[in-house]
Amino acid sequence: MIWAVLLLNGLIMILNSKSKYDLESTLYSGQSFLWDPIQDENLKTHEVILNKTRYRARQIYDQVEMVYPLHPNETQIKVLENYLRVDDDLSEIYKSIQSDNYLLSAFNKFEGLHLLRQDPWECLVTFICSSNNNMKRIKLMLRKLINSSGNTLNDSFGEYKTFPTPSQIIDAGEDNLRSMGFGYRAKYIFETSKIILKDNIDLKKLRSQNYYDNLNQLTMFPGVGDKVANCVMLFSLDNLNAFPVDVWINRVLRETYLNDNVNKIHDSKLRSHFQDYFGENSGYINHYLFHSRRNDD
DNA sequence: ATCGAACCTCCAAT
DNA sequence: AATTGGAGGTTCG
């Protein structure tokens, strides 16, 4: 009854999710490094900047509550719902997959884990940074980049920064990027920014385009190989059949799906094999395998 | 074509 | 306390 009152008064803004949503698993499962947990009235709230606006969200039962902007307009609600992929019907995806014990256990343990629909430019920079790197340092690098090169905006919580555009990264310069701790990735980020600017590339136009066309396009950027390209496609370009193969996926494939020594098989060959094996939602499966394998102790 | 090594930097484990 | 090796890969020879 309290619910009804709160809902009617518009005090609680619950996003319209098709199935159970596990916000924390989703935000911190290694697909985005741009969310920050903040303490809010003893509840765990999470913050991110999307489309130059600050957004805050938290788990409420099996759904997501949008707690900021305070009285969001339709567009703002759509932005967050779109980003969080609340329309994905996970129960359909769980059902569509041929059952094996490892996946069943993963679905059960992380029920509600969603893929995100991130901004492709931010996603591209993020995953170029991720090579030979760990989550903590990736977050630190991105934080430094945003703080030093992004635009400063204001809202009722105070100042916040937007993600730098390609030209802002070019303005920073490769040396500056190195001093921020990017290491050899500084050149990749810098050169990629130059290409995007010079060729006037709108990465969002790659959405829903052919998987292989996107793969070819993305791997033309320096610092982007098969793995990074598949991450960008899966986490920002709606290519749900993308299948990034990293060391963790390698492990789980070797331990659970193959008898042979997987190390002898090239990553891109593994990738295409398991795309065929798992089918059109292989990207979702990939992320459950990845997250599950990283959290199994 | 294929295969190691090298690449920046941080940090946990010797 | 100094050194080594690995970390959610890519590139170069």
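Excluded from the calculations below are hydrogen atoms, water molecules and symmetry mates; all remaining heavy atoms, backbone and side chain alike, are included.
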Return a single string for nucleotides 7-13 of chain C, one symbol per nucleotide in 5' to 3' order, where B is base contact, S is sugar-phosphate-only contact and - is none, cutoff 4.0 angstrom on heavy atoms. BBBSS--
Any stems for DNA chain B, made of 3 or more Watson-Crick or G-U pairs in a row, each with both distances under 3.5 Å? B:3-7 with C:9-13, B:9-14 with C:2-7
Only counting residues at least two apart or in another chain, list the ones meeting side-chain contact (heavy atoms from CB on, under 4.5 Å) with A/Glu81.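 By the side-chain contact (heavy atoms from CB on, under 4.5 Å) rule, A/Glu81 matches A/Leu15, A/Asn16, A/Ile77, A/Val86.
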Sequence neighbours excluded, the answer for ring pair (Phe, Tyr, Trp, His ring centres under 6.0 Å) partners of A/Tyr94 is A/Phe107, A/Tyr288
Run the ring pair (Phe, Tyr, Trp, His ring centres under 6.0 Å) test against A/Tyr277 and tell me which residues pass, sequence neighbours left out. A/Phe274
Using the [atom1] atom as the point on both nucleotides, what is the distance between [M] and [N], in whole Å?
{"N": "B/dT9", "M": "C/dA1", "atom1": "P", "result": "25 Å"}
{"N": "C/dG8", "M": "B/dC3", "atom1": "P", "result": "24 Å"}
{"N": "C/dA2", "M": "B/dC8", "atom1": "P", "result": "26 Å"}

To the nearest Å, how far apart are A/His266 NE2 and B/dA1 C1'? 10 Å
Tell me, please, which residues at least two apart from A/Ser25 pass side-chain hydrogen bond (donor to acceptor under 3.5 Å, both in side chains). A/Asp22
Any residue meeting salt bridge (Lys or Arg N to Asp or Glu O under 4.0 Å) with A/Asp276, in chain and number order, not counting sequence neighbours: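 Partners of A/Asp276 under the salt bridge (Lys or Arg N to Asp or Glu O under 4.0 Å) test: none.
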For a quick test of your reading: what N or O donor-acceptor pairs under 3.5 Å do the side chains of residues 174-185 of chain A make, sequence neighbours left out?
residue, atom, partner, partner atom, Å
A/Asn176, ND2, A/Ala172, O, 3.1
A/Ser179, OG, A/Asn176, O, 2.7
A/Tyr184, OH, A/Ser131, OG, 3.1
A/Arg185, NE, A/Cys129, O, 3.3
A/Arg185, NE, A/Ser131, O, 3.0
A/Arg185, NH1, A/Phe182, O, 3.1
A/Arg185, NH2, A/Ser131, O, 2.9
A/Arg185, NH2, A/Asn132, O, 3.2

Inter-residue atom distance A/Thr53.OG1 - A/Leu80.CG, 0.5 Å rounding: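 Output value for this atom pair is 11.0 Å.
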Residue pairs fulfilling salt bridge (charged side-chain N to carboxylate O under 4.0 Å, His left out) with at least one residue in residues 132-150 of chain A, sequence neighbours excluded: A/Asp36-A/Arg143
